[in-house]
Amino acid sequence: MGGGNAGISLAARLLRDGFDDVTVVASSPGHRYKPLLNYVAGGQSTMAELERPMADVVPDGCRWVRDAVESVDPAAMTVRTRGGLTLSCATLVLCPGLVEDWDATPGLQSAYAEGWAASSYVPGSTPTVWPRLSSLRSGSVVFTVPPEPASCGPTALKPLFMACDSWRRSGVLADLQVRLVLPAATATGLPEADRYLEDAFADLGVEVLRESRIERVDGDLHSVTLATPSGRRVLEDVDFAHAVPHYRAPRFIAEAGLSADATPGLVDVDPETLRSRRHDSIWAIGDAADLATRPSGGGLRKQVNVLAKNIAAAREGKRLSRYDGYTVMPITVTRRTLMLNEVTRDGSPSPSVPFIDPFVPRRWQWFFDRYGLPQVYWRRILRGRV
């Protein structure tokens with residue numbers, strides 16, 4: 001269930017492993033390589049580079065049901081679609097991703113519609129971000145990192161750093177008031193990574209508002225109201241807000257009794273085996289699964305590998321494999337340098353390249369993230385080869 005990275009790459013992997021009756025339920029006619037959205041917002045990519053027709057990425061031998069999920073019946077192992085179909089299955093994998101929770105931030109959706117706010121996280125608004133940021137020569141701009149759950153939230157820092165680097169090169173950074181709203185005390189919660197990021201914030205003159213969240217926005221007044229540890233704070237006369245909305249899981253997950261709580265409604269699974277705690281034939285990976293680690297595309301590669309093995313092992317009554325919570329949070333610190341921040345669930349470093357410190361910003365890491373990884377994604381990951 002879901003036609004993003006998780007759904008397509010897992011379907012391809014299962015077909016390669018010999019499963020011959022695989023169905024993907026996905027309503028969108030297009031597929032996006034989402035990590036490039038931050039580069040679009042930073043003026044380094046275009047939407048055309050990250051979008052392809054869904055029909056081109058659904059693997060051969062896979063049935064594609066182009067419809068949205070309306071409900072799930074775990075007991076009957078059926079899925080009801082918005083178009084009225086009832087699909088039966090022996091194994092169900094939930095990977096629908098997250099949806100914007102606009103109601104959590106009154107006024108934000110209207111501000112998006114008016115063009116005063118936008119972000120790399122909402123694809124319809126992403127192409128407007130860089131023209132707005134690059135045109136600023138003075139005034140006030142606000143960036144936010146979304147609270148959990150979110151799709152690799154710390155990567156929302158990419159547009160901030162790329163914009164600040166550009167403003168510095170243009171000689172206007174000193175004329176801009178740049179504020180960053182963080183939901184926690186630090187950007188990543190990883191001391192090794194935060195050391196570099198804190199130095200970068202100080203060097204760029206970014207005012208960091210910690211343990212804060214956007215409570216409300218007013219597009220007419222161009223103001224942002226924050227909930228902070230010391231009370232409510234209003235940021236007035238904001239020229240542009242790169243404000244990422246809050247997110248939640250699709251409601252049908254909680255309605256089917258597959259989550260531990262209604263909000264945010266993530267699928268309640270064993271974070272190591274990826275199996276539902278309530279139903280042995282239901283599994284989940286990706287942003288909507290409660291895996292006790294930050295979601296990421298790099299994490300999905302590990303999850304797909306573990307889950308493909310576990311689906312086969314479950315059928316054969318064998319021991320299940322374990323997912324260690326590996327994730328990666330690539331953050332550009334300048335327009336041409338990037339830190340990878342690869343860790344396991346407990347925060348231990350887990351570099352893909354042996355003996356390389358994953359927290360040190362490097363130019364080759366930016367090049368691979370921007371140009372190399374997209375090619376790996378289209379040619380190998382979506383084909384179940386990684």
Side-chain angles (χ1 to χ4, degrees), residues 1-26 28 31 33-34 52-66 69 72 74 77-79 87-97 258 267 269-291 293 295-328 344-345 350 352 373-386:
M1 186 185 299
N5 179 349
I8 297 299
S9 56
L10 177 63
R13 172 64 183 272
L14 291 173
L15 289 165
R16 285 186 173 276
D17 287 352
F19 289 84
D20 57 6
D21 188 8
V22 180
T23 296
V24 167
V25 183
S28 175
H31 182 95
Y33 175 59
K34 291 168 59 177
R52 294 191 181 179
M54 184 70 77
D56 290 354
V57 301
V58 173
D60 293 339
C62 177
R63 178 192 179 195
W64 173 29
V65 176
R66 186 180 167 185
V69 174
V72 175
M77 288 297 287
T78 59
V79 174
L87 307 173
S88 299
C89 58
T91 300
L92 176 62
V93 179
L94 301 168
C95 43
L258 293 171
V267 186
V269 295
D270 180 324
E272 294 187 337
T273 65
L274 314 176
R275 190 182 224 168
S276 168
R277 297 184 191 274
R278 295 166 170 77
H279 303 276
D280 286 349
S281 297
I282 297 179
W283 314 74
I285 56 176
D287 297 355
D290 190 359
L291 300 178
T293 191
S296 70
L300 268 178
R301 293 196 298 275
K302 303 282 188 176
Q303 294 167 29
V304 166
N305 182 48
V306 170
L307 182 50
K309 293 177 180 178
N310 283 352
I311 290 175
R315 289 192 172 188
E316 298 169 6
K318 295 182 178 180
R319 185 175 181 176
L320 301 183
S321 298
R322 302 281 168 173
Y323 168 53
D324 65 2
Y326 168 89
T327 192
V328 55
T344 56
R345 185 177 287 110
S350 183
S352 298
L373 196 52
Q375 296 305 313
V376 175
Y377 181 79
W378 296 116
R379 297 180 183 185
R380 298 192 61 82
I381 293 174
L382 288 189
R383 297 178 183 180
R385 293 175 174 168
V386 175

A.B. asks: With Tyr326, which residues qualify under ring-ring contact (aromatic ring centres under 6.0 Å, His included), at least two apart?
C.D. replies: none
A.B. asks: For a quick test of reading the model, state the closest non-hydrogen atom pair linking Val24 to Ala11 and the distance between them.
C.D. replies: CG2-CB, 3.7 Å
A.B. asks: To the nearest 0.5 Å, what is the distance between CG (Leu87) and OG1 (Thr78)?
C.D. replies: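 Leu87 atom CG to Thr78 atom OG1 measures 8.5 Å (nearest 0.5 Å).
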A.B. asks: Can you find a heavy atom in the side chain of Val22 that is under 4.5 Å from one in the side chain of Arg63?
C.D. replies: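 Side chain of Val22 against side chain of Arg63, heavy atoms only: no contact under 4.5 Å found.
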A.B. asks: Tell me whether Arg345 contacts the main-chain N or O of Leu291 through its side chain, where contact means a donor paired with an acceptor under 3.5 Å.
C.D. replies: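 Answer holds: yes.
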A.B. asks: Which atom pair, heavy atoms only, marks the closest approach of Pro271 to Arg277?
C.D. replies: CD-NH2, 3.3 Å
A.B. asks: Rounded to the nearest 0.5 Å, what separates atom OG1 in Thr293 from atom CG in Asp324?
C.D. replies: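 It comes to 8.5 Å.
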A.B. asks: How many angstroms lie between CG in Leu92 and CG in Leu94, if you round to the nearest 0.5 Å?
C.D. replies: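 Interatomic distance, Leu92 CG to Leu94 CG, rounded to 0.5 Å: 4.5 Å.
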A.B. asks: If you define the side chain from C-beta out and look only at heavy atoms, does anything of Ile311 sit under 4.5 Å from Val93?
C.D. replies: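 A side-chain contact exists here, since the closest heavy-atom pair is under 4.5 Å.
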A.B. asks: Hey, can you tell me if Tyr377 and Tyr33 have their rings parallel, tilted or perpendicular (30° and 60° cut-offs)?
C.D. replies: tilted
A.B. asks: Is Arg275 reaching over with its side chain to a backbone N or O of Asp280, donor-acceptor style, under 3.5 angstrom?
C.D. replies: yes
A.B. asks: Answer yes or no: is there a donor N or O on one side and an acceptor on the other, between the side chain of Ser296 and the main chain of Thr327, under 3.5 Å?
C.D. replies: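 No; zero donor-acceptor contacts below 3.5 Å.
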A.B. asks: Using a 6.0 Å cut-off, check whether atom CG of Asp17 has over 12 heavy atoms from anything other than its own residue.
C.D. replies: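 Yes.
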A.B. asks: Taking all non-hydrogen atoms of both residues, which atom of Gly298 and which atom of Val328 are closest, and how far apart?
C.D. replies: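 So the minimum-distance heavy-atom pair works out to CA-CG1, 3.6 Å.
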A.B. asks: So do Val69 and Pro96 actually touch side chain to side chain, heavy atoms under 4.5 Å?
C.D. replies: no
A.B. asks: Any luck finding a side-chain donor-acceptor pair between Ser350 and Thr344 under 3.5 Å?
C.D. replies: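 Side chains of Ser350 and Thr344: no pair found under 3.5 Å.
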A.B. asks: Quick one: pull up CG in Asp287 and NZ in Lys34 and give me the separation to the nearest 0.5 Å.
C.D. replies: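 Reported to 0.5 Å precision, the distance equals 5.0 Å.
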A.B. asks: State, to 0.1 Å, how close Trp283 and Ala314 come at their nearest heavy-atom pair, and which atoms those are.
C.D. replies: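 Nearest heavy atoms, Trp283 then Ala314: CZ2-CB, 3.8 Å.
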A.B. asks: For Ile8 versus Pro59, what's the shortest heavy-atom pair and its separation?
C.D. replies: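 Between these two residues, the closest heavy atoms are CG2-CD, 4.2 Å.
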A.B. asks: Is there a donor-acceptor contact under 3.5 Å from the side chain of Arg13 to the main chain of Lys309?
C.D. replies: no
A.B. asks: Kindly check if the number of other-residue, nucleotide or ligand heavy atoms within 6.0 Å of CG (Asp60) is above 12?
C.D. replies: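 Incorrect, the count does not exceed 12.
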A.B. asks: Is there a side-chain contact between Trp378 and His31 in this structure, where contact means two heavy atoms from C-beta onward sitting under 4.5 Å apart?
C.D. replies: yes
A.B. asks: More than 12 foreign heavy atoms under 6.0 Å from CZ of Arg379: is that the case here?
C.D. replies: no
A.B. asks: Kindly indicate whether the side chain of Leu258, heavy atoms from C-beta on, has any atom under 4.5 Å from the side chain of His279.
C.D. replies: yes
A.B. asks: Please name the pair of heavy atoms, one in Ile282 and one in Pro74, separated by the smallest distance, quoted to 0.1 Å.
C.D. replies: CD1-CB, 3.8 Å
A.B. asks: Can you confirm whether Glu272 sits close enough to Val306 that some side-chain heavy atom of one is under 4.5 Å from a side-chain heavy atom of the other?
C.D. replies: no
A.B. asks: Which value, rounded to the nearest 0.5 Å, describes the distance between Leu307 atom CG and Ser9 atom OG?
C.D. replies: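 Between Leu307 CG and Ser9 OG, I get 10.0 Å after rounding to 0.5 Å.
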A.B. asks: Among residues at least two apart in sequence or on other chains, which ones pass salt bridge (charged side-chain N to carboxylate O under 4.0 Å, His left out) with Arg278?
C.D. replies: Asp268
A.B. asks: Roughly how far, to the nearest 0.5 Å, is the CG atom of Leu10 from the CG atom of Asn305?
C.D. replies: 10.5 Å
A.B. asks: Is the side chain of Asn310 donor-acceptor paired with the backbone N or O of Leu320 at a distance under 3.5 Å, no angle test?
C.D. replies: no
